[in-house]
Amino acid sequence: MKIWNTYTNQLEDFVPKREKEVSMYVCGPTVYDHIHIGNARPVIFFDTVTRYFSSLGYHVRFASNFTDVDDRIIERARKEQRTELEVGDYYIRQFLEAAESLGSKTDYIQPRVTEYMDKIIDFIQELVEKEAAYVVDGDVFFRVSKVAEYGHLSNRNLDELQAGARIELNQRKESPLDFVLWKKTDSGIHWHSPFSDGRPGWHTECVVMVDSIFHSEIDIHGGGSDLVFPHHENEIAQAIVSRHHRLARYWLHNGRLNIDGAEMHKSEGNALFVKDLPGDKRAFRLFMLSTHYRSPINFRFESLSVYENEWKKLENTIKSLFRNSELATDQTPIQDRELAMIQQYKTQFIEAMELDFNTPNAITALWGLTKQANIFLKEKASGATLKKTVDQLRAMLDILGVPVCVKSLSADEKKLFAEWETLRLKKEWAKADELRKELQKRELL
RNA sequence: GGACCCAUAGCCAAGCGGUAAGGCACGGGACUGCAACUCCCCCACCACCAGUUCAAAUCUGGUUGGGUCCUCCA
């Protein structure tokens, strides 16, 4: 498997630290509001990644955090006269609901910053002791000059960063590049620490949670491309001075999503929440996966309807295949030729996924098999052939996270189909249509 | 101002040196009791200019037009 590693800026063979095991961490949401469809991109993509690894037999240890300490949460809490924890809890639930609606699994490890406060403070203390951080009036800053390779991930050098840095209001920093690890404050939720009463900076939390959960360098660290600098750069810097590794071996970043060509901002009022997305969310997921994860993607309502139709088409085929495989009387074993056809698309699908999770090409394979499936149906292929096809199709859809629900027909239901078939043969259209209505009503047709 | 990315049919979107995948829409057929579904065919000189090469959408330089990061942001 090849993966594009932002750290080395090239395609690399993926070799996990431990055989058949993948450790992965993705920066999660700050829970101060509902998630918008841009936030949904990593939620969908990295879920697809874990699904793919699982399908290959890997044991996936996946963690993604909730940032439940943040100025925006405090502001929200103040406005709504609730505690920060209540606000956080509420939006965490909302997030999980949204993630689930998008077809993403929610049974992964979900650390919350507030649960790691002791460890965060200890970690900052450790950085101070190692002289990688310094305290000024209760604030703690990370000393970027301690890390020779600072800027490697985001591919920029210190001179450029210095030159490009805005005028720094905070004269207490040794360098404008230094970032806050701990901020002294007595307003809003805050904690005691050896430095002062205050709150942690947001670059530290992820490092501490990764370290606490995985206890070593992980395989994959992911997030949106906008996190490359400074967030992930700063995470690496802290890991290097404290743990002598770069936190993760592979850094994956998904591209941004725009609406009608414009950037989406909650503050600008053009944000579209996942919960407000019209139609079947699986169509939206299909839309997301139809563009390579590293490319920017532009959302339009018109394109959504296209994917609704595509989704329906897939669903129709699967249901029809499944039904016919159940009803088939011909149980001749599948022929080599047919098996080869199915296999061909399976191979195409896997090869696409193996090349940096190329879901657009994987979907092309999905379409190829869908077409083949309809041809099998038309040719009245044997039940075994239809079964094999539908199994393969469903395996693909499962990896993409857009499953179609089908359930076996009861004896009674099979009888209904048989009667319908008889009536049609007898050309008793009125009675046949009545049965068809019944079948449709039971969502069998 | 610095760093970087992108430009492929009406729309969406693969490809990353050997003469353009796929989907939607359009058009033409087929199947069909009616619906729905489905199948087949058709549909691109890859923004522009110059170069490298036997060979370029794919590499190099330039032009134009978009976008991202440098600041909270997935």
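Keep in mind that the numbers below use all heavy atoms, side chains included, and drop hydrogens, waters and symmetry copies. First the proteins, then the strands, lettered A, B, ... as listed; each starts at 1.
Following rounding to the nearest Å, A:Asn9 (CG) and B:A3 (P) show an atom-to-atom distance of 16 Å. Atom CG of A:Asn254 and atom P of B:U68 are 15 Å apart (whole Å). The separation between A:His36 atom NE2 and B:C72 atom P is 17 Å, rounded to whole Å. The nearest whole Å value for the distance from the CG atom in A:Leu286 to the P atom in B:C24 is 12 Å. Distance, A:Asp226 CG to B:C5 C1': 15 Å, rounded to whole Å. Distance, A:Phe229 CZ to B:C73 C1': 15 Å, rounded to whole Å. Computed from coordinates, the A:Asp70 CG to B:A74 P distance equals 9 Å when rounded to whole Å. Put simply, NE2 on A:His231 is 15 Å from P on B:U71, counting in whole angstrom units.
Taking the six-membered ring for Trp and thresholds of 30 and 60 degrees, A:His152 and A:Tyr7 have nearly parallel ring planes, at less than 30 degrees apart.
Of all nucleotides listed (B:A74, B:G67, B:A21), B:A74 comes nearest to the side chain of A:Arg256.
Residue pairs satisfying the side chain to side chain donor-acceptor pair (under 3.5 Å) criterion with at least one member in residues 344-357 of chain A, sequence neighbours excluded, are listed as follows: A:Tyr52-A:Glu354, A:His292-A:Asp356, A:Tyr293-A:Asp356, A:Arg294-A:Asp356. Within the structure, every pair that satisfies the side chain to side chain donor-acceptor pair (under 3.5 Å) test and touches residues 427-441 of chain A, not counting sequence neighbours, is listed here: A:Glu438-A:Arg442. The salt bridge (charged side-chain N to carboxylate O under 4.0 Å, His left out) contacts involving residues 381-396 of chain A comprise A:Lys387-A:Asp391, where partners must be two or more places apart or lie in separate chains.
For A:Asp226, the side chain to side chain donor-acceptor pair (under 3.5 Å) criterion is met by A:Arg256, not counting sequence neighbours. In this structure, A:Asp276 has no salt bridge (Lys or Arg N to Asp or Glu O under 4.0 Å) partners at least two apart in sequence or on a different chain. Not a single salt bridge (Lys or Arg N to Asp or Glu O under 4.0 Å) links A:Arg93 to another residue, sequence neighbours left out. Judged as a salt bridge (Lys or Arg N to Asp or Glu O under 4.0 Å), and not counting sequence neighbours, the contacts of A:Arg82 are A:Glu80.
If you take atom C1' in B:G66 and the same atom in B:C48, they sit 15 Å apart, rounded to whole Å. Going from the C1' atom of B:C49 to that of B:G65 covers 15 Å, rounded to whole Å. Taking the P atom of each, B:A30 and B:C59 are spaced 46 Å apart, rounded to whole Å. Remark: the separation of the C1' atoms in B:U58 and B:G15 is 8 Å, to the nearest Å. For the C1' atoms, the distance from B:C37 to B:U64 is 47 Å, rounded to whole Å. With P as the reference atom, B:U60 and B:C6 are 10 Å apart, rounded to whole Å. When the C1' atom is compared between B:A74 and B:C41, the two are found 44 Å apart, to the nearest whole Å. Taking atom P on both B:C24 and B:C42, the two are 16 Å apart, rounded to the nearest angstrom.
Taking the six-membered ring for Trp and the full ring otherwise, the centers of A:Phe66 and A:Phe95 sit less than 6.0 Å from each other. In this structure, A:Phe46 has its ring center at least 6.0 angstrom away from the ring center of A:Tyr108.
Of all heavy-atom pairs spanning A:Ala362 and A:Phe349, the tightest one is O-CD1, 3.3 Å.
Look at B:C43: it lacks any Watson-Crick or wobble partner with both distances under 3.5 angstrom. Across all strands shown, B:C24 pairs with B:G10; the Watson-Crick or G-U wobble distances both stay below 3.5 Å. Under the Watson-Crick and G-U wobble criteria, each requiring two contacts below 3.5 Å, nucleotide B:A3 is paired to B:U68. Applying the Watson-Crick and G-U wobble criteria (two distances, each under 3.5 Å), B:C16 pairs with nothing in any strand. For B:U52, there is no paired nucleotide, since no Watson-Crick or G-U wobble pair has both relevant distances below 3.5 Å. Pairing partner, B:C31: none, since no Watson-Crick or wobble contact has both distances short of 3.5 Å.
Nearer to the 5' terminus of RNA chain B, by closest-nucleotide assignment, is the contact made by A:Thr364 (compared with the other of A:Gly224 and A:Thr364).
In this structure, A:Gly368 reaches neither bases nor backbone, as no heavy-atom distance under 4.0 Å exists between it and the strands shown.
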Write out a two-atom table: protein N or O, nucleotide N or O from nucleotides 11-15 of chain B, distance below 3.5 Å.
unit_1: B:C12; atom_1: O2'; unit_2: A:Tyr307; atom_2: OH; d: 3.3
unit_1: B:A14; atom_1: OP1; unit_2: A:His292; atom_2: N; d: 2.8
unit_1: B:A14; atom_1: O3'; unit_2: A:Asn358; atom_2: ND2; d: 3.4
unit_1: B:A14; atom_1: O2'; unit_2: A:Asn361; atom_2: OD1; d: 2.2
unit_1: B:A14; atom_1: O2'; unit_2: A:Asn361; atom_2: ND2; d: 2.6
unit_1: B:G15; atom_1: OP1; unit_2: A:Asn358; atom_2: ND2; d: 2.9

Given protein heavy atoms under 4.0 Å, the one-letter contact record of nucleotides 29-41 of chain B, with B base, S sugar-phosphate only and - none, is simply ----BBB-SBSS-
